[in-house]
Amino acid sequence: MTRTSLPKATARAHSNIALAKYWGKGDVAQNLPATPSLSMTLSALHTTTSVVFEEQLTRDEIVLNGVQLSGEKRARLTQFLDRVRTLAGLQRFACVDSHNNFPTASGLASSASGFSALALAATRAAGLAYAPEEVSALARVGSASAARSLFGGYVALELGAQSATRVLAGDAYPLSLLVCVVTLLPKDQGSTLGMAHTQKTSPYYPAWVDSAPAVYERVRGALLARDFDALGRATEHSALLMHASMFAAEPPLNYWSPTTLALLQRVSELRASGLPAYATMDAGPHVKVLVEPHNAQKIENALREVAGVKDVLVCAPGPDATVTLEGA
Ligand code: 2P0
């Protein structure tokens, strides 16, 4: 391929929600997590990103959901594109157009699907024929949770690993995750700063990092055994351990709203009434509820009735990230 015929690459990556959480960095420069994590890729939430490197551009042009990015948000993405340019020996700037089909930067893992789609589209647009694990390692540098979004089903980012790996295919254990949307607004404190603050000021952070590997093993073991209750209990425990470390930061890092608590209460009541359901929360007020598909409709109906719930997005395990090329 000559440099005048670089293609436009369009990638789609699905968001993911960690059942065993990542929170805190073991190596900031390489963006390696301090905890192992395991997620479910989400069928209903995705980012679509096209990238083309063009000779006539004098800077990267980056549009997210129809709006030109500027400032720090743009800088984070141009730094990532610089890395791709270096890897490809390329000097051209890029035209990037990205779209999320769900609220951005609100605790629904838009950075996971976003950096995953960008890593896949940008490498292919730059002519780099990377294997999925190499794209995953690159995406991780942009945002660690993005390493997991390259793969469908259930995916782990093990402690110290450069890239994520699939633990189980989605159709081998098709659970449902009900994403209860509590706000459409972006969060006040992004994950990267939030975890640095927790790491620096929370006396519970070391306890979180110490306990995370055993909880990760519980999540992984229960998933492989298809033991729903054990999986759900370990999933809730991971989320609450992580949030406890945030609450104990100074000043506290509280991503919860009254609706978050009302949803947790409702999940607990549903369980007591014989409908197995388990909750997890990320860096935002939304509550994601893990259920078995045959109970999903009843539980969804109950969660929609909780005051403050704006929507419930029903997800199955999502697919691998994909990419198409035009003009190659
Ligand atoms: C996770 N989260 O495992 C955890 C649970 C949020 C709470 O990964 O600094 O956007 O870009 O590597 O990946 C969100 O953190 O952070 C996240 P960076 P990222 O899904």
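Start at 1 and go down the list; that is how both ligands and their atoms are numbered.
- Looking at atom 17 (C) of ligand 1, its nearest protein heavy atom turns out to be Y22 CD2, 4.0 Å.
- Annotation: side chain of L253 is not in contact with side chain of F247 (no heavy-atom distance under 4.5 Å).
- Salt bridge annotation for E72-R76: absent, with no cationic side-chain nitrogen under 4.0 angstrom from a carboxylate oxygen.
- Here the protein heavy atom with the shortest distance to atom 16 (O) of ligand 1 is M195 CE, 3.6 Å.
- The aromatic rings of Y154 and Y173 sit tilted relative to each other, their planes meeting at an angle between 30° and 60°.
- Of the heavy atoms in N31, only side-chain atoms (C-beta onward) come closer than 4.0 Å to ligand 1.
- Side-chain atoms of T259 and K310, non-hydrogen and from C-beta on, never get closer than 4.5 Å to each other.
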- Message: Evaluate S238 against Y216 for side chain to side chain contact (heavy atoms under 4.5 Å, CB included), listing each step before the verdict.
- Response: CA-CA 8 Å; S238 177; Y216 164 81; over 6 Å; no

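- Counting the atoms of ligand 1 from 1 in the order shown, those under 4.0 Å from a heavy atom of R76 are 11 (O).
- Nearest non-hydrogen protein atom to atom 13 (O) of ligand 1 is S145 OG, 2.6 Å.
- Ranked by closest heavy atom to atom 18 (P) of ligand 1, the top entry among M246, M281, K25, R148 is K25.
- With ligand atoms numbered from 1 in the order given, ligand 1 contributes 9 (O), 11 (O), 18 (P) to contacts under 4.0 Å with heavy atoms of T192.
- S191 OG, 3.3 Å is the protein heavy atom nearest to atom 14 (C) of ligand 1.
- Interface atoms of ligand 1 facing M242, defined by a heavy-atom separation under 4.0 Å, are 5 (C), 7 (C).
- In terms of protein heavy-atom proximity, atom 19 (P) of ligand 1 is closest to S143 OG, 3.4 Å.
- Remark: ligand 1 atoms within the under-4.0 Å shell around heavy atoms of A18 are 1 (C), 3 (O), 20 (O).
- With a 4.0 Å cut-off on non-hydrogen atoms, R140 does not touch ligand 1 at all.
- Protein heavy atom closest to atom 10 (O) of ligand 1, with residue, atom name and distance, is S111 OG, 2.8 Å.
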- S98 and T49: side chain to side chain donor-acceptor pair (under 3.5 Å), yes or no, with the steps? CA-CA 4 Å; S98 188; T49 300; 2.8 Å; yes

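- Residues R85 and Q91 form no side-chain contact, since every pair of their non-hydrogen atoms from C-beta on lies 4.5 Å or further apart.
- Of the charged side-chain nitrogens involved, none lies within less than 4.0 Å of a carboxylate oxygen, so that R226 and E292 do not count as a salt-bridged pair.
- For atom 5 (C) of ligand 1, the closest non-hydrogen atom on the protein side is D282 OD1, 3.2 Å.
- Of the polar atoms of A146, none of the N or O atoms is found under 3.5 Å from an N or O of ligand 1, judged by distance alone.
- Electrostatic pairing of R266 and E269 counts as a salt bridge here, judged by a charged N lying under 4.0 Å from a carboxylate O.
- Looking at D282 and K21, a side-chain N of the basic residue comes within less than 4.0 Å of a carboxylate O on the acidic one, giving a salt bridge.
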